**Student:** 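After the structure tokens below, expect a handful of questions from me.
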Protein chains: 2
Amino acid sequence: MSAAAAKTRPRTPVFRRIKGDILARIQAGDLRPGDPIPGEEALAHEFGCSRMTAHRALRELSEEGVVERRRRSGTRVARPGGRNVLLEIPRVDQEVAAMGCQYGYALLDRDLGRPAAAVRDKLEAGTRTRALHLTCLHRANGVPYQFEERWINLDTVPEAEKVDFAEIGPNAWLLDHVPWSDGEHVLSAANADPRTAELLDIAPQDAVLMIERRTWRQGRVITYARFTHPGRFYRLRTPLDRG
Amino acid sequence: MSAAAAKTRPRTPVFRRIKGDILARIQAGDLRPGDPIPGEEALAHEFGCSRMTAHRALRELSEEGVVERRRRSGTRVARPGGRNVLLEIPRVDQEVAAMGCQYGYALLDRDLGRPAAAVRDKLEAGTRTRALHLTCLHRANGVPYQFEERWINLDTVPEAEKVDFAEIGPNAWLLDHVPWSDGEHVLSAANADPRTAELLDIAPQDAVLMIERRTWRQGRVITYARFTHPGRFYRLRTPLDRG
DNA sequence: ATTGTCATTATGTATATACATATTCGGCGG
DNA sequence: CCGCCGAATATGTATATACATAATGACAAT
């Protein structure tokens, strides 16, 4: 364990050390937005590794938006323009459980038919398309926590018509029965309408945070859902945390 | 151009083709959450590439949360739990410009001193810390667009005391003068207080969307800002779009 | 039955090498 | 002076190879 130990074995991978080092230089103000960063060859020499390893470090930093790379001209510290934040939108049941509360689900209404024009637009559906309209309430320790209004496009997911969603929530069912989907989220603030206010046990006109979600499968809308949160909602994180 | 052309040169990199292929299989429902994905050797053979290339494809899919990998046991399609959404929080001026509007900035108030306890907490500061309190209004084509209330920790950024922020906004100045920073964002809905309502030209009690941002540098809070948006706010995107 | 050891296996990291591709720069001809 | 062309250069992709590491399962010992 003496001659062989000369090759000090780092527990953290080399490319991570390089990334960390560059991030540290940036955070310390040594490197400022627009400043050039040593090329791959130089870094490889500096860290005693191969160019591929330095390349990987720089590539990942670039994917994370920390640096900008261009062929021939090199790598520079990115100018922090608008920031990207990783917003976590958890499943309600998991969110409630994570707070150490008892999760409760209730189906308030189940309605089948042709949706109104506004919803039809969201579903990108024709006038003859039928949709399943569900109204649900999620509770934490018995207290109303989130109000969910959802439409499921029966053209895209005909099986949903036979399900009665009394026990299983639409989100859980869809995740289990519809393969995978692209999604869109819209965040907005609104004043609670009388019905929502009553359900969530808040005053009418109180501000609520709404998250609208649409999911697609192969270009067709699966479902349009509107989640209404009373009070605060928070979720955060900068992209740098990922590295 | 005949014998040499046998080696058909793909314009899209091989690792991208592999990623796309696997994503397609998932989206088509061929592969469902929990299902195993061919190992690196198998993929390398299937696509006629080296294991490293297959490895990169799978590693990136794993970083994007599409698959889950474990040594010895292999790679599986990830179970879509809570979703991660990439939320873009652009700079106001860029946002306004992107809408094709004339951006306007106005400093409403500039106030120096010891902040109230609530703000002091946000700044993670002691009772003797002084802060610069700025109140700004951002306009689009003359119409109030966003209301900004900001505190800058003078212990962390003493230079800010000499700046008068009449022309340049605090965000732009900080980006230029403070290296790089980790950040935290909190989203919430609130009812507009009378002053905010007047400034934004909306009715009192109307719902507004608030974004609170704190940024750190080397463990110390640089600034705490509260942005208030009237009406809607939208921004979205699923992680899959990244691949 | 529980625990321990060990070979097996799939993924993870690193290297040296080769060639592809984009971009800049300098020079050459018009 | 302008525009085209080729050289130089830094990044981008791909390969074959080697070894490290974690998880599994089987078999043996307690």
Side-chain angles (χ1 to χ4, degrees), chain A residues 1 3-22 31 34-78 242-243, chain B residues 1 3-23 31 34-79 242-243:
Chain A
M1 278 276 284
K7 182 198 277 184
T8 48
R9 199 161 310 159
R11 55 260 294 109
T12 63
V14 179
F15 75 93
R16 274 187 206 285
R17 292 218 320 273
I18 301 179
K19 287 175 66 176
D21 187 83
I22 293 178
L31 290 171
D35 283 357
I37 280 179
E40 301 182 348
E41 301 268 21
L43 279 179
H45 188 263
E46 180 181 343
F47 284 84
C49 65
S50 77
R51 183 173 82 91
M52 280 305 297
T53 305
H55 172 70
R56 178 167 172 191
L58 289 181
R59 174 165 48 80
E60 294 196 357
L61 284 176
S62 154
E63 282 163 3
E64 288 159 21
V66 177
V67 304
E68 284 169 356
R69 318 194 72 193
R70 273 169 61 203
R71 289 187 177 170
R72 168 71 220 233
S73 62
T75 305
R76 319 186 145 263
V77 179
R242 282 193 289 163
Chain B
M1 277 275 283
K7 181 199 277 183
T8 47
R9 199 161 309 161
R11 55 265 286 108
T12 64
V14 180
F15 75 93
R16 275 187 206 286
R17 290 220 319 273
I18 301 180
K19 286 175 67 177
D21 187 83
I22 293 178
L23 271 177
L31 290 171
D35 283 357
I37 280 179
E40 301 183 350
E41 301 269 20
L43 281 179
H45 188 263
E46 179 181 345
F47 284 84
C49 65
S50 78
R51 183 173 81 88
M52 282 304 299
T53 304
H55 172 70
R56 178 167 173 191
L58 290 181
R59 174 165 50 79
E60 294 197 355
L61 284 176
S62 152
E63 282 162 4
E64 288 159 22
V66 177
V67 304
E68 284 169 356
R69 318 195 69 192
R70 274 169 62 203
R71 288 185 175 169
R72 168 72 219 234
S73 64
T75 305
R76 314 183 151 267
V77 179
R79 308 181 174 278
R242 282 193 289 164

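Fair warning: this is a prediction, and the values are worked out from it, not measured in the lab. Lettering follows sequence order; numbering is per chain, from 1.
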**Student:** As an exercise, state the distance from NE2 of H45(B) to OG of S50(B), rounded to the nearest 0.5 Å.
**Tutor:** 13.5 Å
**Student:** Rounding to a whole Å, what distance do you find between K19(B):NZ and dT13(D):C1'?
**Tutor:** 14 Å
**Student:** Nucleotides 4-9 of chain C: which of its N/O atoms have a protein N/O under 3.5 Å away?
**Tutor:**
from	atom 1	to	atom 2	distance (Å)
dT8(C)	O2	R72(B)	NH1	2.7

**Student:** For dT11(D), does either OP1 or OP2 sit under 4.0 Å from a side-chain N or O belonging to R70(A)?
**Tutor:** no
**Student:** How many Å lie between NE2 on H45(B) and P on dT15(D), as a whole number?
**Tutor:** 14 Å
**Student:** Please tell me if the side chains of R17(B) and V14(B) come closer than 4.5 Å, counting only heavy atoms from C-beta onward.
**Tutor:** yes
**Student:** Quick one: do E68(B) and R76(B) satisfy salt bridge (Lys or Arg N to Asp or Glu O under 4.0 Å)? Show the steps, please.
**Tutor:** CA-CA 5 Å; E68(B) 284 169 356; R76(B) 314 183 151 267; over 6 Å; no
**Student:** Determine the minimum heavy-atom distance between I18(A) and A54(A), stating which atoms define it.
**Tutor:** CD1-CA, 4.0 Å
**Student:** How far does CD of E63(A) sit from CD of E60(B), to the nearest 0.5 angstrom?
**Tutor:** 5.5 Å
**Student:** Quick one: does R56(A)'s side chain get under 4.5 Å of R56(B)'s, heavy atoms only?
**Tutor:** no
**Student:** Starting at atom CG of L43(A), determine the distance to atom C1' of dA10(D), rounded to an integer number of angstrom.
**Tutor:** 12 Å
**Student:** Out of curiosity, H55(A) NE2 to E41(A) CD, how far, rounded to the nearest 0.5 Å?
**Tutor:** 12.5 Å
**Student:** Which of residues 34-41 of chain A sit near DNA chain D, with a heavy atom under 4.0 Å from it?
**Tutor:** G39(A), E40(A)
**Student:** To the nearest Å, give me how far apart CZ (F15(A)) and P (dT15(C)) are.
**Tutor:** 12 Å
**Student:** What I'd like to find out is whether the side chain of F47(B) reaches to under 4.5 Å of the side chain of D21(B), using heavy atoms alone.
**Tutor:** yes
**Student:** Can you list, in residue-number order, the parts of residues 47-62 of chain B that come under 4.0 Å of DNA chain D, counting heavy atoms only?
**Tutor:** G48(B), C49(B), S50(B), R51(B), M52(B), T53(B), R56(B)
**Student:** Roughly how many Å is it from CZ in R69(B) to C1' in dG12(C), rounded to a whole number?
**Tutor:** 9 Å
**Student:** Please report the C-alpha distance between I22(B) and L58(B) in whole Å, then the side-chain angles of each, then the deciding distance to 0.1 Å, and finally whether the side chain to side chain contact (heavy atoms under 4.5 Å, CB included) criterion is met.
**Tutor:** CA-CA 9 Å; I22(B) 293 178; L58(B) 290 181; 3.8 Å; yes
**Student:** Mark yes when over 12 heavy atoms from residues, nucleotides or ligands other than E46(A) sit less than 6.0 Å from its CD; otherwise mark no.
**Tutor:** yes
**Student:** Between R76(A) (CZ) and dT11(D) (C1'), how many Å, whole number?
**Tutor:** 14 Å
**Student:** Look at T75(B) and dA10(C) and indicate whether a side-chain polar atom (N or O) is within less than 4.0 Å of OP1 or OP2.
**Tutor:** no
**Student:** A side-chain contact here means heavy atoms from C-beta on lying under 4.5 Å apart; do T53(B) and L43(B) qualify?
**Tutor:** no
